Number of protein chains: 2
Amino acid sequence: MSTKSEIIRLGDALVKEKGFNGFSFSDISKKLGIKNASVHYYFPAKSNLGVAIIDDELERLHDAIAEVKDKQPDEQLKKFLSIYVGIKGENNICIVGSFASDLSTLDDDMAAHLKTLVTEILNWVTSILAEGLRIGTFKFETEPRTKALLIITNMLASLQLTRLTEPGDFETIHNTIIKELKP
Amino acid sequence: MSTKSEIIRLGDALVKEKGFNGFSFSDISKKLGIKNASVHYYFPAKSNLGVAIIDDELERLHDAIAEVKDKQPDEQLKKFLSIYVGIKGENNICIVGSFASDLSTLDDDMAAHLKTLVTEILNWVTSILAEGLRIGTFKFETEPRTKALLIITNMLASLQLTRLTEPGDFETIHNTIIKELKP
DNA sequence: GTCTATATTCCGATAGAC
DNA sequence: GTCTATCGGAATATAGAC
């Protein structure tokens with residue numbers, strides 16, 4: 001893997017672990033065994049790295065969407081939820097929640113890319129739910145977009161909150177979301 | 001108001017706006033028209049201020065609970081939800097989501113106090129929902145504690161997320177939560 | 001209780017050699 | 001592309017005068 005992509009990968013992990021304002025270029029250069037200046041060679045400003053991290057997440061989102069695009073809505077939703085299960089397994093929070101929490105400290109460039117990421121996630125989940133509703137895989141009363149907002153906020157905040165509540169709470173939330181969609 | 005309580009109030013607002021790692025003692029001293037060292041007189045370390053901010057929020061939670069303790073469950077829930085409506089009006093995020101996002105960067109003292117705050121919020125909402133279910137004010141299928149987790153995560157993350165989605169999304173989530181509880 | 005002054009450390013960032 | 005060296009600034013924190 002190239003140094004640049006390793007920096008992005010490490011930065012991504014650090015955003016999920018400590019938040020964008022909670023890590024420094026030194027955290028990355030130390031773990032990578034290179035010098036601070038070398039990180040600046042790839043990303044002149046920290047905000048450039050922030051944008052790259054968000055864009056990388058967007059690419060992986062597109063991969064996930066493509067991977068299950070011909071499958072049934074319940075399989076697609078399972079794929080979406082599995083992203084959060086993976087993050088929970090690392091005891092981290094999701095990148096959107098981390099960046100969104102610090103929104104007012106991010107520059108316009110980062111905020112714009114973050115908005116794109118959020119929009120695409122919301123559109124994907126909305127379309128999964130709409131199709132599931134149409135063919136009877138799912139049952140719910142609200143607009144698909146509203147249901148998508150509810151499910152996304154459940155998952156996003158459960159990563160943040162269940163590190164402070166009882167063990168198993170994340171799994172309970174996860175299972176309840178799936179159960180309540182069943183016809 | 002005393003200087004000490006003004007510092008806590010300003011710190012509280014800054015956590016909601018910028019996150020605990022996104023503001024400094026200078027932000028407070030400048031706004032208060034005093035010097036940095038004066039803030040340190042009241043709170044030797046930043047973590048001491050963090051604990052005070054959390055404890056102050058816990059007190060206000062107790063006030064809110066006491067204020068509506070003899071009212072009907074739907075009124076109590078409305079009071080709970082109104083906390084988030086107020087924060088949304090300031091375009092901020094809630095203190096629990098802000099601190100919980102940065103959990104791994106907080107010291108043990110702050111983490112312990114934060115856990116207490118989260119536990120008490122969860123217990124309150126659980127008891128509101130359980131009582132509402134018992135007397136028929138609310139209708140839902142899960143355990144009251146699970147439903148409380150779902151509602152809290154909806155509200156917490158909607159503050160973070162709806163600054164990046166369409167106007168009105170927060171209100172939609174808010175209204176849907178209330179609607180879906182109706183028998 | 002608030003101030004001046006200062007110590008220390010860290011951070012983001014850049015210039016220029018190799 | 002990575003390094004050394006360094007800058008300017010900001011952050012947390014403390015000592016001691018008033």
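These numbers were taken from a predicted model, which means no experiment stands behind them. Quick note on labels: first sequence line is chain A, next is B, and so on, each numbered from 1.
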Using the side-chain heavy atoms of [X], tell me which of these nucleotides is nearest: [options].
X	options	result
B:F25	D:dT14, C:dT4, D:dT12	D:dT12
B:N36	C:dG12, D:dT12, C:dG1	D:dT12
B:H40	C:dG1, D:dC3, D:dT14	D:dT14
A:A45	C:dA13, D:dC3, C:dC3	C:dA13
A:S26	C:dT14, D:dT14, C:dC11	C:dC11

Taking 4.0 Å as the cut-off, does a side-chain nitrogen or oxygen of [X] come that near to OP1 or OP2 on [N]?
X	N	answer
A:S24	C:dC11	yes
A:S38	D:dT2	no
A:K46	C:dG12	yes
B:T3	C:dG1	no

Residue pair B:T162 / B:T165, side-chain donor-acceptor N/O under 3.5 Å: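 The criterion, which ignores hydrogens and geometry beyond distance, is not satisfied for B:T165 and B:T162.
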Starting at [atom1] of [X] and ending at [atom2] of [N], how long is that distance when rounded to a whole Å?
X	N	atom1	atom2	value
A:I7	D:dG1	CD1	P	11 Å
A:Y42	C:dG12	OH	P	19 Å
B:K35	D:dA10	NZ	C1'	15 Å
B:K4	C:dT2	NZ	P	12 Å
A:L49	C:dG12	CG	P	10 Å
B:E6	C:dG1	CD	C1'	15 Å

Salt-bridge contact [X]-[Y] (side-chain N to carboxylate O under 4.0 Å):
X	Y	answer
B:K16	B:D12	yes
A:R145	B:D169	yes
A:R60	A:E67	no

Under 4.0 angstrom, heavy atoms only, what part of the nucleic acid is B:F23 near: base, sugar-phosphate, or nothing?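 Counting heavy atoms under 4.0 Å across all strands, the contact made by B:F23 is with sugar-phosphate only.
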Mind checking B:Y41 for me? I need base, sugar-phosphate or nothing, with any heavy atom below 4.0 Å counting as a touch. base
Roughly how far, to the nearest 0.5 Å, is the OG atom of B:S158 from the CD1 atom of B:I173?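 OG of B:S158 is found 4.5 Å from CD1 of B:I173.
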If you pin A:K30 and A:A37 to their nearest nucleotides in DNA chain C, which one's is more 5'?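 Upstream on the strand: A:K30.
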